[in-house]
Amino acid sequence: MRVYFDYNATTPLAPEVVDAVARASRDLYGNASSVHHFGQQAKAAVDDARSAAAALINGDPSEIVFTSGGTESDNFAIRGAAEALEPSGRRHLVASAIEHEAVLNTFKALARRGWRTTLVPLDQSGVISPDRVREALCDDTALVSVMHANNEIGTIQPIAAIAAIAHERGALVHTDAVQSTGKIPIDVRGLGVDLLALSAHKFNGPKGAGVLWIKRGTRMLPVLTGGKHERNRRAGTENVPAIVGLGVAAGLATQKMAAETPRLSALRDHLEQGILTRIPGTIVNGDSRARVPNTSNISFDRVEAESLLIALDLEGIAVSTGSACSSGTLEPSHVLRAMGLPSHRTQNSLRFSLGMFSTDAEVERVIDVLPRLVDKLRGLTRAAVPVRR
């Protein structure tokens with residue numbers, strides 16, 4: 001049995017999405033900006049997807065801008081809003097210290113251009129305090145960016161409270177909702193944000209398709225310049241098959257969320273309890289209540305995370321040490337570091353993330369295999385410690 005528990009990195013395509021993308025690739029070959037029949041066919045499909053994406057987050061279709069994914073959406077939100085506000089003298093940006101690299105590295109790029117940036121720290125709960133955001137704000141703060149749910153530990157942030165505080169000081173609010181979209185209900189009106197990013201491949205849609213929701217009336221400068229696509233907000237010929245796939249995935253998420261959320265939560269809790277009960281020296285990282293239903297980040301004492309990940313992979317089980325966008329590095333998780341966890345826990349933690357195709361049998365397989373692998377690795381660690389005479 002092969003087990004895929006890395007849904008936060010990317011998700012398998014839903015069968016309905018595969019069929020829709022294939023049909024669009026074959027039949028909708030017109031340019032959606034063309035006025036002839038073939039172009040208008042493509043435009044109609046894009047408009048349907050726009051409506052489905054808007055319905056998923058309680059937005060208006062006119063506020064939906066299609067992008068290539070979460071990274072572009074985050075870049076567009078931060079750079080577009082910051083540059084639009086630059087003439088006003090607002091040159092300060094605020095984010096949480098556990099943001100995705102798409103946000104953190106965009107902040108670094110703007111800092112090199114003279115923008116002041118503040119990263120708000122947080123405690124071991126992994127949930128940011130609105131009061132700490134309040135303390136970070138200045139009269140010239142242009143934008144506050146706080147993710148809706150963290151990609152590594154799954155914690156859900158109090159976005160509505162943060163947005164209210166930021167708006168009191170005249171700042172715009174952006175939230176990266178890439179890891180929450182399709183997993184929990186999202187209402188952009190209730191959250192009170194001005195900008196929200198999402199990505200199709202995190203909820204069983206295709207890679208290369210994302211959305212930036214821009215609240216009507218929010219001033220933005222385009223990051224890509226060119227034609228008049230997406231109401232002059234994002235130049236470039238629309239990727240019609242990917243956008244169609246995003247729309248179908250959004251519709252499926254809207255339909256199935258009420259049943260899927262408790263199912264995944266039960267599976268995750270069973271996995272977690274099985275691991276904590278059968279393997280001593282394990283602990284869940286972050287708040288166990290305020291989190292998305294599919295994610296568990298667990299520390300394994302006296303085990304190096306990379307070694308355990310490889311051992312699991314050899315058993316046919318795919319998990320992660322954190323963000324896939326940081327793979328290939330030996331650096332400990334910046335999220336766990338920002339939470340103030342001791343150094344050994346930042347390097348011995350694995351993320352288990354479940355999804356649409358996860359089953360009870362897969363959970364039982366992981367619970368059955370993990371204790372043996374952990375015991376073996378801990379034994380190797382003990383054997384490697386030299387005996388002092």
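Bear in mind that the values here come from a model prediction, so they are computed numbers and not experimental data.
In terms of heavy atoms, E362 sits closest to S358 at OE1-CA, 3.2 Å. When all heavy atoms are compared, the tightest approach of A24 to P241 is CB-CA, 3.8 Å. Contact record, P206 with V17: CD-CG1, 3.9 Å, taken as the closest heavy-atom pair. In terms of heavy atoms, V223 sits closest to G80 at CG2-N, 4.3 Å. In terms of heavy atoms, G340 sits closest to Q124 at O-NE2, 3.4 Å. Heavy atoms only, all atoms of each residue included: A82 and L110 are closest at CB-CD1, 4.4 Å.
Between I184 and P293 the shortest side-chain heavy-atom distance falls below 4.5 Å. Counting heavy atoms from C-beta on, the side chains of D176 and S145 never come closer than 4.5 Å. At least one side-chain heavy atom of W213 sits under 4.5 Å from a side-chain heavy atom of V193. Counting heavy atoms from C-beta on, the side chains of L308 and V374 come closer than 4.5 Å. Put simply, the side chain of S333 reaches to within 4.5 Å of the side chain of E152, judged on heavy atoms. Using a 4.5 Å heavy-atom cutoff, the side chains of I279 and I298 are not in contact. Here the side chains of L196 and I186 are in contact, with some heavy-atom distance below 4.5 Å. Side-chain contact between V363 and L354 is present, with at least one heavy-atom pair separated by less than 4.5 Å.
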Do V248 and D19 pass the side chain to side chain contact (heavy atoms under 4.5 Å, CB included) test, and can you show the C-alpha distance, the side-chain angles, and the key distance before you say yes or no? CA-CA 10 Å; V248 172; D19 292 343; over 6 Å; no
Run the numbers on R291 and E272 for salt bridge (charged side-chain N to carboxylate O under 4.0 Å, His left out), then give the verdict. CA-CA 14 Å; R291 57 177 171 165; E272 209 167 71; 2.8 Å; yes
If you apply the rule side chain to side chain donor-acceptor pair (under 3.5 Å), what do you find for H174 with D74, and how did you get there? CA-CA 8 Å; H174 159 248; D74 286 339; 3.1 Å; yes
Would you sort out whether R50 and E238 count as a salt bridge (charged side-chain N to carboxylate O under 4.0 Å, His left out), showing the intermediate values? CA-CA 12 Å; R50 200 182 305 278; E238 291 89 347; 5.2 Å; no
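Applying the salt bridge (charged side-chain N to carboxylate O under 4.0 Å, His left out) test to K43 and every residue at least two apart in sequence or in another chain returns D47. In this structure R216 satisfies the side chain to side chain donor-acceptor pair (under 3.5 Å) test together with D60, S62, sequence neighbours excluded. Considering only residues two or more places apart in sequence or on other chains, T106 meets the side chain to side chain donor-acceptor pair (under 3.5 Å) condition with N75. Scored by the salt bridge (charged side-chain N to carboxylate O under 4.0 Å, His left out) test, R234 finds E72 as partners (sequence neighbours excluded). For R345, the salt bridge (charged side-chain N to carboxylate O under 4.0 Å, His left out) criterion is met by no residue, not counting sequence neighbours. Applying the salt bridge (charged side-chain N to carboxylate O under 4.0 Å, His left out) rule to R231 yields no partners; only residues at least two apart in sequence or on another chain are considered. With sequence neighbours excluded, no residue forms a side chain to side chain donor-acceptor pair (under 3.5 Å) with S265. Applying the side chain to side chain donor-acceptor pair (under 3.5 Å) test to S125 and every residue at least two apart in sequence or in another chain returns D123.
Between the side chains of H148 and T175, no donor-acceptor pair of N or O atoms lies under 3.5 Å.
Judged by distance alone, the side chain of E315 and the main-chain N or O of I317 form no donor-acceptor pair under 3.5 Å. Under the 3.5 Å distance criterion, the side-chain polar atoms of D368 are left unmatched by any main-chain donor or acceptor of E364. In this structure a side-chain-to-backbone donor-acceptor pair under 3.5 Å is missing from R233 to M220. A donor-acceptor contact shorter than 3.5 Å is absent between the side chain of T295 and the backbone of G154. K202 places no side-chain N or O within 3.5 Å of a backbone atom of L198 that could act as its donor or acceptor partner. Although no hydrogens or angles enter the test, the distance criterion places no donor-acceptor pair under 3.5 Å between the side chain of E230 and the main chain of A235. In this structure a side-chain-to-backbone donor-acceptor pair under 3.5 Å is present from N204 to P12. In terms of modelled atom types and a separation under 3.5 Å, the side chain of K215 and the main chain of L195 share no donor-acceptor contact. Between the side chain of H36 and the backbone N or O of G39 there is at least one donor-acceptor pair closer than 3.5 Å. Formation of a donor-acceptor pair under 3.5 Å by the N150 side chain with backbone atoms of I98 is found in this model.
Note on V120 and V335: separate hydrophobic clusters, where clusters join Ile, Leu, Val, Met, Phe, Trp and Tyr whose side-chain heavy atoms are under 4.5 Å apart, directly or indirectly. Linking ILVMFWY side-chain heavy atoms closer than 4.5 Å, directly or via other members, places V173 and M147 in two distinct hydrophobic clusters. I367 and I283 are members of different hydrophobic clusters when ILVMFWY side chains are connected at heavy-atom separations under 4.5 Å. Cluster membership for L122 and V284, using ILVMFWY side-chain heavy atoms within less than 4.5 angstrom, is not shared. A single hydrophobic cluster is seen to contain both V188 and V144, as judged by linkage of ILVMFWY side chains at heavy-atom distances under 4.5 Å, directly or through other members.
Atoms CG and OG, from N151 and S180 in turn, are 11.0 Å apart once rounded to the nearest 0.5 Å. With rounding to the nearest 0.5 Å, the separation of CZ in F300 from CG in L370 is 5.0 Å. Residue I78 holds its CD1 atom at 12.0 Å from CG of L172, rounded to the nearest 0.5 Å. Put simply, CG on D360 and CZ on R365 are 16.0 Å apart, with the number rounded to the nearest 0.5 Å. Rounded to the nearest 0.5 Å, atoms CG (L93) and CG (L143) are 6.0 Å apart. To the nearest 0.5 angstrom, N297 atom CG is 9.0 Å from L341 atom CG.
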Considering only distance and modelled atom types, tabulate donor-acceptor pairs under 3.5 Å from the side chains of residues 161-168, sequence neighbours left out.
from : atom 1 : to   : atom 2 : distance (Å)
H167 : ND1    : A163 : O      : 3.3
H167 : NE2    : D194 : OD2    : 2.8

Going by atom type alone, with no hydrogens or angles, which donor-acceptor pairs under 3.5 Å involve a side-chain atom of residues 128-138 and a protein atom two or more places apart or on another chain?
from : atom 1 : to   : atom 2 : distance (Å)
S129 : OG     : D131 : N      : 3.2
R132 : NH1    : P121 : O      : 3.2

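Few gaps surround CZ on R189; more than 12 heavy atoms of other groups in view lie less than 6.0 Å from it.
Residue pairs meeting the ring-ring contact (aromatic ring centres under 6.0 Å, His included) criterion with at least one partner in residues 6-34, sequence neighbours excluded, are Y4-Y7, Y29-F38.
Alongside V35, the hydrophobic cluster contains no other residue (criterion: ILVMFWY side chains under 4.5 Å).
In summary, D287 and R289 engage in a salt bridge, as defined by a charged side-chain N under 4.0 Å from a carboxylate O.
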